[in-house]
There are 2 protein chains.
Amino acid sequence: MPKQTFFNLPEEKREKLIDVATDEFAKNSFNSASITKIVEKAGIAKGSLYQYFEDKKDLYKYILELSANKKKEYLIEWMNRLQHLSFIEMIRELYVKGVAFAADNPRLAGIANNFMKENDTKFKEEILGISIEKSNQLFEQLIENAKNKGEVSRNIDTKVAAFLVTNLNTSIVDYMLTYMTYEEIFQNKEELLDKVDKMLFIMENGFKAK
Amino acid sequence: MPKQTFFNLPEEKREKLIDVATDEFAKNSFNSASITKIVEKAGIAKGSLYQYFEDKKDLYKYILELSANKKKEYLIEWMNRLQHLSFIEMIRELYVKGVAFAADNPRLAGIANNFMKENDTKFKEEILGISIEKSNQLFEQLIENAKNKGEVSRNIDTKVAAFLVTNLNTSIVDYMLTYMTYEEIFQNKEELLDKVDKMLFIMENGFKAK
DNA sequence: TTTCTATGTGACTACCCAGTCACTTGCTCT
DNA sequence: AGAGCAAGTGACTGGGTAGTCACATAGAAA
């Protein structure tokens, strides 16, 4: 976490640094992101940055956490309504909110997206603080519940289904951020949400003609 | 492409260089991969490498192409049987072959996997030589045909379905290579193929309980 | 033996990087 | 005014990188 000096900073300066660092980590992987460029763009001395943060990883963790918190804020309303929804409605909401968040906050979504692409699993787990295995367990639980309620077929494999659901979610966001400009994403938000609906239809009913 | 001098090399030396470069690009992104490390491990002088290849990108293209060719060889038998299969059988075969190839050739699959993770679309399209859009068209065609034969529901969106099929394929391979050791992949090949079957079942029939 | 050509070489250039530290600045309290 | 302390600074260290080039070597031809 940042040192106290960082929080003692005047808000404008602090926000500027956060803004610039967000940009850099949204456009580059952890390794490719440059501290030198960040301090130049923020208009501060390199030594100053090391008065605020322990090292590059410390800054990265902080920026990643900020982006995760923004997403949590975005999802909080949804979380409360969660109980009243059927499984497939829940997944649809998750996808829709995920795509909408990425459309409205492409830089923040980009940071998380780049993080997912990191190869070094040790590094990832160190940053997340938890084993990646565990983050799938929430979905597995949801699917099990849906099976018990008769919403989801008992013939499907829970773990495989959880994998499918999470991976498609990240694939959509990755597609948006990798192959569309921020401008295009923003302008085609409705169209993207429509595609999410179409994808959910396939997942609900399958490919097979009846 | 490599210079003539590369092909004039004694086979052993050439293979050694290919082997070492394959390793480096399987473990690192294009930017993180180090020419200096490659020449050290191959036991040649740095100047020599530049007698064989124009630059880093030239070497990368060559290694990537070799890995693609190996995969093509792997798929060639399957390609011939393609006509006799139903759509879902075709997709299953594609996934099974893809997973089996990655299990048997984790380094080669790793190169392609790392390439997919590159952020710079300009770079990717330059290397591929074609627009990424076009590579989806094959699948869209297959799905259209399957709709006409009544194998696939007319209610699903072709483009979205093609996206789903390709992305799940890469997600599975990415999962294998990122979260499993080569050893684990090799030992659990049968289990992985079983998971592919289970995933195909979901895609064929959907989540919904009947 | 001399000459020619192809190939091999590694020190070197010009760059980029994260992180450090001796020093300076500016503010507050006495 | 002076002391003390928190914060700001940028030249510097040590390390990495891709790519170059003047020279060395080796084999073939004359």
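Note on naming: letters A, B, ... go to the chains in the order of the sequence lines (proteins, then strands), and numbering restarts at 1 for each one.
Comment: Lys189(A) engages Asp104(A) in a salt bridge, judged by a side-chain N to carboxylate O separation of less than 4.0 angstrom.
Here the P atom of nucleotide dT20(D) and the OH atom of Tyr50(B) are 7 Å apart, to the nearest Å. When the P atom of dG16(D) is taken as reference, atom CD1 of Ile38(B) falls 16 Å away, rounded to whole Å. Rounding to whole angstrom units, CG of residue Asn31(A) and C1' of dT17(D) are separated by 13 Å. Atom pair Ile35(A):CD1 and dG10(D):P shows a separation of 17 Å (rounding to whole Å applied). As rounded to whole Å, 15 Å separates atom P of dG27(D) from atom CG of Asn8(B). Atom C1' of nucleotide dG8(C) and atom CD of Gln4(B) are separated by 17 Å, given to the nearest angstrom. Between the CD atom of Gln51(A) and the C1' atom of dT25(C) there is a distance of 12 Å, given to the nearest Å. Put simply, CZ on Phe7(B) is 13 Å from P on dT7(C), counting in whole angstrom units.
If you check every strand for non-hydrogen atoms under 4.0 Å, Leu59(A) touches nothing. When heavy atoms are screened at a 4.0 angstrom cut-off, Tyr52(A) is found touching the sugar-phosphate backbone but no base atom. Across all strands, Lys3(A) comes closer than 4.0 Å to no nucleic acid atom at all (heavy-atom distances).
Of the candidates dA18(D), dT9(D), dC17(C), dA18(D) carries the atom nearest the Thr36(B) side chain, counting heavy atoms from C-beta on. Nearest to the side-chain atoms of Ala45(B) among the listed nucleotides dT9(C), dG8(C), dG19(C) stands dT9(C). When each of dT9(D), dG19(C), dT9(C) is scored by its nearest atom to the side-chain atoms of Ser48(B), the top-ranked nucleotide is dT9(C). Checking dG8(C), dC17(C), dG10(C) against the side-chain heavy atoms of Leu9(B) singles out dG8(C) as nearest. Distances were taken from every side-chain heavy atom of Lys56(A) (C-beta onward) to each of dA18(C), dA7(D), dG19(D); the shortest belongs to dA18(C).
A donor-acceptor pair under 3.5 Å is absent between the side-chain atoms of Tyr62(A) and the main chain of Ile18(A), judged by distance alone.
Between the side chains of Asn167(A) and Tyr175(B), no donor-acceptor pair of N or O atoms lies under 3.5 Å. Counted by atom type alone, Asn136(B) and Glu140(B) present zero donor-acceptor pairs between their side chains at under 3.5 Å. For Asp174(A) and Thr170(A), the side-chain atoms include no donor-acceptor pair closer than 3.5 Å.
Residue Lys13(A) has no polar side-chain atom (N or O) positioned under 4.0 Å from OP1 or OP2 of dA7(D).
Map Thr5(B) and Lys46(B) each onto its nearest nucleotide of DNA chain C; the residue landing nearer the 5' end is Thr5(B).
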